[in-house]
2 protein chains.
Amino acid sequence: MPPNLPSVSDSTIRRLSLYLRVLEELNEASEPTVSSRRLAELAGTSAAQVRKDLSRFGSFGKRGLGYAVDPLERHLREILGLQRRWPVVLVGAGRIGSALFEYPYFRERGFEIVAVVDRDPAKVGRRWNGVKIEPVESLSKVVRELGTELGILAIPADDAQATAEALVNAGIRGILNFAPVQLHLRPEIVVNEVNLTLELEALSFALHGSSRATSPERD
Amino acid sequence: MPPNLPSVSDSTIRRLSLYLRVLEELNEASEPTVSSRRLAELAGTSAAQVRKDLSRFGSFGKRGLGYAVDPLERHLREILGLQRRWPVVLVGAGRIGSALFEYPYFRERGFEIVAVVDRDPAKVGRRWNGVKIEPVESLSKVVRELGTELGILAIPADDAQATAEALVNAGIRGILNFAPVQLHLRPEIVVNEVNLTLELEALSFALHGSSRATSPERD
DNA sequence: TTTATCTTGTGAAGCTTTTCACAAACAGGC
DNA sequence: GCCTGTTTGTGAAAAGCTTCACAAGATAAA
């Protein structure tokens with residue numbers, strides 16, 4: 001473990017998450033070790049990048065051998081803060097909210113949707129697999145009672161800013177926002193925007209505007 | 001319009017998409033012009049960044065005045081390749097597929113899901129709002145008949161690589177991948193990965209590991 | 001022990017992206 | 001027509017990120 005927390009770039013963190021996914025696969029395949037080259041190949045980056053990313057947090061490899069899969073997986077979980085369980089509150093019980101509630105991969109990583117909230121009175125009171133849908137008014141109570149620090153916003157654009165503020169007031173510190181609006185919140189609140197339209201637009205640009213290739217890889 | 005296509009970074013393209021969203025809002029609010037400063041504020045970046053981004057594609061502003069909202073919106077649509085309709089094939093009629101099919105913001109930007117495909121025989125044959133769910137075996141036929149160049153992959157991880165290859169063989173040029181695996185395809189195929197778990201993990205890291213703030217803004 | 005082979009960890013170089021800062025352009029009064 | 005106050009467009013500087021390249025550490029075999 002590094003003595004003092006280094007400032008790490010967002011791209012590094014996102015790659016660590018990819019490495020973790022690859023390591024899980026290797027672990028399941030009972031591969032004992034992996035080289036930076038192979039890890040890079042599987043994660044879609046370069047070997048040097050893998051080594052630089054990991055070296056920010058410590059020396060996890062052995063020269064001549066590579067990295068031991070299982071310990072490295074544990075290190076990454078530790079770095080990403082995944083050794084604990086993260087209770088999550090889901091705001092919005094529409095199509096997207098429902099899909100996210102059922103999404104099996106969240107729970108595998110310790111993210112558990114423990115509360116669902118919606119503004120539609122018709123939906124309030126229903127049960128999703130044991131979790132009762134609560135009215136938005138109960139947000140504050142729910143967050144406090146369940147001790148959730150993470151919230152997922154899966155509601156229409158018009159309501160998003162106000163609801164995000166309500167989440168923050170309730171004590172939420174990180175928000176995953178699926179609503180197509182830029183949220184403006186206090187800087188200490190961590191927000192990740194998932195912009196589905198933008199992703200398609202990036203494809204549209206690539207096919208229409210130019211012909212960029214998405215091909216790094218090497219070392 | 002620039003004489004020859006400049007090489008544009010991915011981040012620039014993603015910001016252009018954000019600017020477009022802001023401009024639509026401004027247009028609806030009947031604001032005739034906008035300065036780089038205000039646009040930056042609404043999109044969550046810096047004024048200099050806005051000007052640099054736009055200047056890669058031409059001179060759309062007037063000094064002392066700012067940018068005319070409506071023409072700039074049209075320029076951005078043109079740049080992003082959104083003046084046309086993009087038929088899209090959706091692979092996977094599960095929870096996420098269903099949510100994406102109903103997602104209203106795709107159609108607003110010209111992305112229209114014209115075909116749905118699933119490997120589950122129980123789902124095949126059903127109709128979603130006039131679109132019949134086809135078996136995966138028909139992928140090639142469907143893509144060719146409807147002339148789709150974009151595909152959305154909303155299927156479990158185990159099946160994703162093979163299905164992606166099938167999409168490519170059918171003639172698809174761009175893929176939006178929701179399956180939690182790294183796809184390995186020919187470099188001329190444009191792939192955008194949406195990794196929902198990764199997004200939560202980035203939040204987890206931010207709350208756990210360090211206390212980075214997400215606060216640029218200024219000029 | 002020595003040699004051959006492998007692979008990490010990491011400064012330094014190279015490249016990309018963002019920010020700075022200012023000349024040039026425009027509008028509106030006076 | 002001439003000032004005043006704005007705001008763009010853009011080279012240049014700064015910051016950030018990725019790749020290079022190699023010494024150092026590790027194993028295995030002779």
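Letters go in sequence order (proteins before strands), and every chain restarts at 1.
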Could a donor-acceptor pair under 3.5 angstrom be found where the side chain of B:K52 meets the base of C:dT17?
-> no
In a check of side-chain contact (heavy atoms from CB on, under 4.5 Å) between A:V116 and each of A:I152, A:V89, A:V131, which one passes?
-> A:V131
Take atom CZ of B:R56 and atom P of D:dG11, then tell me their distance rounded to the nearest Å.
-> 12 Å
Phosphate contact (D:dT7 OP1 or OP2) by B:S35 side-chain N/O below 4.0 Å | no
For A:D10 and C:dT17, give me the distance from atom CG to atom C1', rounded to whole Å.
-> 15 Å
Please check the phosphate of D:dT8 (OP1 and OP2 only) for any side-chain N or O of B:R51 closer than 4.0 Å.
-> yes
Any Lys/Arg nitrogen of A:E201 or B:R21 sitting under 4.0 Å from an Asp/Glu carboxylate oxygen of the other?
-> no
Residue-phosphate contact under 4.0 Å: B:S36 side-chain N/O, D:dT7 OP1/OP2 | no
Between the side chains of B:T45 and B:R15, is a donor N or O closer than 3.5 angstrom to an acceptor N or O?
-> no
Side-chain donor/acceptor contact of B:R63 with base of D:dT7 under 3.5 Å = no
Within the structure, does a side-chain N or O atom of B:R15 lie under 4.0 Å from either OP1 or OP2 of C:dT18?
-> yes
Closest non-hydrogen contact found for A:W86 with B:S204 is NE1-OG, 3.2 Å
Please determine if a side-chain N or O atom of B:Y67 lies less than 4.0 Å away from the OP1 or OP2 oxygen of C:dC26.
-> no
Rounded to whole angstrom units, what separation is found between the CG atom of A:L54 and the P atom of C:dG9?
-> 8 Å
Earlier contact from the 5' end, DNA chain D, for A:L65 and A:D53 = A:D53
Looking just at side-chain N and O atoms, do B:R109 and A:T197 make a donor-acceptor pair shorter than 3.5 Å?
-> no
Below 4.0 Å: OP1/OP2 of D:dG16 and any side-chain N or O of A:S9 = no
Are OP1 or OP2 of D:dT19 and a side-chain N or O of A:Q49 less than 4.0 angstrom apart?
-> yes
Measure from NZ on B:K62 to P on C:dG28 and round the result to the nearest Å.
-> 11 Å
